[in-house]
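Quick caveat, the model's predicted, so the values are computed rather than measured. In what follows, chains are A, B, ... by sequence order, proteins preceding strands, each numbered from 1.
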Number of protein chains: 2
Amino acid sequence: MKQREQSLLVMKSTLSRLPLYYGYLGRLMQDGVPFVSSSVIADSLNLNPVLVRKDLAGVSSVPGRPRQGFEVAQLYHDLEEFLGYNSKDEAVLVGVGNLGRLLLTTKSFERLGLNIVTAFDKDENLHGLKINDKMIFPVEKMTNLIPRLNVKIGIIAVPEDQAQTVCDQLVASGILAIWNFAFTPLDVPKGILVKNENLAMSLANLSMQLRNKLLYENNNLESHQ
Amino acid sequence: MKQREQSLLVMKSTLSRLPLYYGYLGRLMQDGVPFVSSSVIADSLNLNPVLVRKDLAGVSSVPGRPRQGFEVAQLYHDLEEFLGYNSKDEAVLVGVGNLGRLLLTTKSFERLGLNIVTAFDKDENLHGLKINDKMIFPVEKMTNLIPRLNVKIGIIAVPEDQAQTVCDQLVASGILAIWNFAFTPLDVPKGILVKNENLAMSLANLSMQLRNKLLYENNNLESHQ
DNA sequence: TAGATTGTTAATCGATTAACAATC
DNA sequence: TAGATTGTTAATCGATTAACAATC
């Protein structure tokens, strides 16, 4: 019913903004800016300054200074630490199709602390191949191999109809967190984390908003340009 | 048409759940289930039944019937209509790298109402090529071609450092909604819709949650300084 | 000091959940 | 009718914003 074990320092919504701050701070670093205030950050990212201050309060190891704001390098470092971008998360990938290949080869993910150690696919033409130095194994090896690798994050990039099966195998192999790119929700035992990367949702969202907007504007044609 | 009124009844958060209902209803259809109640939907998707009823109230053209629930086929159709999955949204893609190729070739997007009509890239080796029947043009042609195609959605799948430039060109070409896959927020004029597909955020989210969980389970260490 | 910017407490806003009457 | 399930109104919860005192 009620979860008492809330993260004390940082709200869930905060977490989704931290990578934004991280990116922005990174750009300031490059430009050699030494200090930045919450209101400057807020302006640049279209947020409320109080919100920024609250978010940062839970992350920064050093409080911001009145009249100066936050030290860019320090804050950048703290964000990096907090987000785990410096300590690599090891993960296994299941499904080496277009999307899987993308995840295997995109450098940005490595920078963000994601290290895919191994991939699995059921296509035997791929078995034994390496993509970006990562070996591809048959899916049958999953339950045998994953526990030995001691990896805790699994990425599902297989078609919808295979997602649940793969998910079950990952869980059986000791995986604790699943990044799911299949367009279907997964059934998992309690305690297993699932993050659904639902592009359908995003797309629906954008397309809906656009239609609403166009409709609205059509209804107000008398307004001038 | 009462579409506009309908839309206004639906909360922003509702919108993010509709594709979930749509997917679930689709599976019920396949199984030949004629009726479904809000509580069954809620159970399957881990939601509150009242929330489901509220969401559906804004979408369904026919109210649910006491003792029976909702007619699956009808509701499925209404969701499809509402989400615009039957009426294709035309879009242009900029950036034919790994991700761009994925978007061009993945069938699911077509099913979800996204129709990419043309792609742009700066690599001249790609110019004139077709991927999944979509022609690739030089980016220089954007401002000339897009207005003539009368397309209103643009997809940005270029590297971070080119995202803003591309964005500006899209806006100049009359694009009203942007689906941004670059890991950087975009500066756009008021009135232009932007949906950021920030995988970094999702990943940070999942990795954070996992670390919290492991920490909590291990001992509740105080790692703040 | 004076002024900018911080962090905290209180008020507001929006979304979810609870309670319940209506209905087939 | 009796019971399941609906849709609505009220209460609760969580996140954001406003107000403001503290501080360098």
Would you mind writing out the side-chain donor-acceptor pairs for residues 68-77 of chain A within the sub-3.5 Å range, not counting sequence neighbours?
from, atom 1, to, atom 2, distance (Å)
A/Gln74, NE2, A/Ser61, OG, 3.1
A/Gln74, NE2, A/Asp78, OD1, 3.3
A/Gln74, NE2, A/Asp78, OD2, 3.4
A/Tyr76, OH, A/Tyr22, OH, 3.1

- Item | Within residues 31-56 of chain B, residues whose heavy atoms come under 4.0 Å of DNA chain C |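 Within this stretch, B/Asn48, B/Val50, B/Leu51, B/Lys54 sit under 4.0 Å of the strand.
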
- Query: Where along residues 63-80 of chain B does a heavy atom fall under 4.0 Å from DNA chain C?
  - Reply: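 Heavy-atom contacts with DNA chain C come from B/Pro66, B/Arg67.
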
- Atom OG1 in A/Thr165, atom CG in A/Leu186: separation rounded to 0.5 Å?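 One finds 10.5 Å between OG1 of A/Thr165 and CG of A/Leu186.
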
Atom of [X], atom of [Y] and distance for their closest heavy-atom approach:
{"X": "B/Thr143", "Y": "B/Ser173", "result": "CA-OG, 3.3 Å"}
{"X": "B/Ile175", "Y": "B/Ala177", "result": "CG2-O, 3.3 Å"}
{"X": "A/Gly58", "Y": "A/Phe82", "result": "O-CE1, 4.0 Å"}

- Message: If you apply the rule side chain to side chain contact (heavy atoms under 4.5 Å, CB included), what do you find for A/Leu206 with A/Leu210, and how did you get there?
- Response: CA-CA 6 Å; A/Leu206 185 66; A/Leu210 180 61; 5.7 Å; no

- Can you tell me how far P of D/dT16 sits from CG of A/Leu15, to the nearest Å?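 Result: 12 Å.
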
- Task: Quickly work out the A/Met11 CE to C/dG7 P distance and round it to whole Å.
- Result: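 That distance rounds to 14 Å.
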
- For DNA chain D, which ranges pair as stems of 3 or more consecutive Watson-Crick or G-U pairs, with both donor-acceptor distances under 3.5 Å?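 Stem list for DNA chain D: C:3-24 with D:3-24.
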
- Passing option when A/Leu93 is tested against A/Leu104, A/Ile156, A/Leu99, A/Val158 for side chain to side chain contact (heavy atoms under 4.5 Å, CB included):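 By the side chain to side chain contact (heavy atoms under 4.5 Å, CB included) criterion, A/Leu93 pairs with just one of A/Leu104, A/Ile156, A/Leu99, A/Val158: A/Leu104.
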
- Message: Checking B/Glu80 now: which residues fulfil salt bridge (Lys or Arg N to Asp or Glu O under 4.0 Å) with it, not counting sequence neighbours?
- Response: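 Applying salt bridge (Lys or Arg N to Asp or Glu O under 4.0 Å) to B/Glu80 gives none.
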
- side-chain hydrogen bond (donor to acceptor under 3.5 Å, both in side chains) evaluation trace for B/Thr105 with A/Asn98: CA-CA 9 Å; B/Thr105 51; A/Asn98 276 320; 3.2 Å; yes

- Item | Where at least one partner belongs to residues 184-195 of chain A, residue pairs that pass salt bridge (charged side-chain N to carboxylate O under 4.0 Å, His left out), sequence neighbours excluded |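 Those involving residues 184-195 of chain A do not exist here.
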
- Query: So, is A/Thr14 close to the D/dA15 phosphate, meaning a side-chain N or O under 4.0 Å from OP1 or OP2?
  - Reply: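 The answer is no; no side-chain N or O of A/Thr14 sits under 4.0 Å from OP1 or OP2.
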
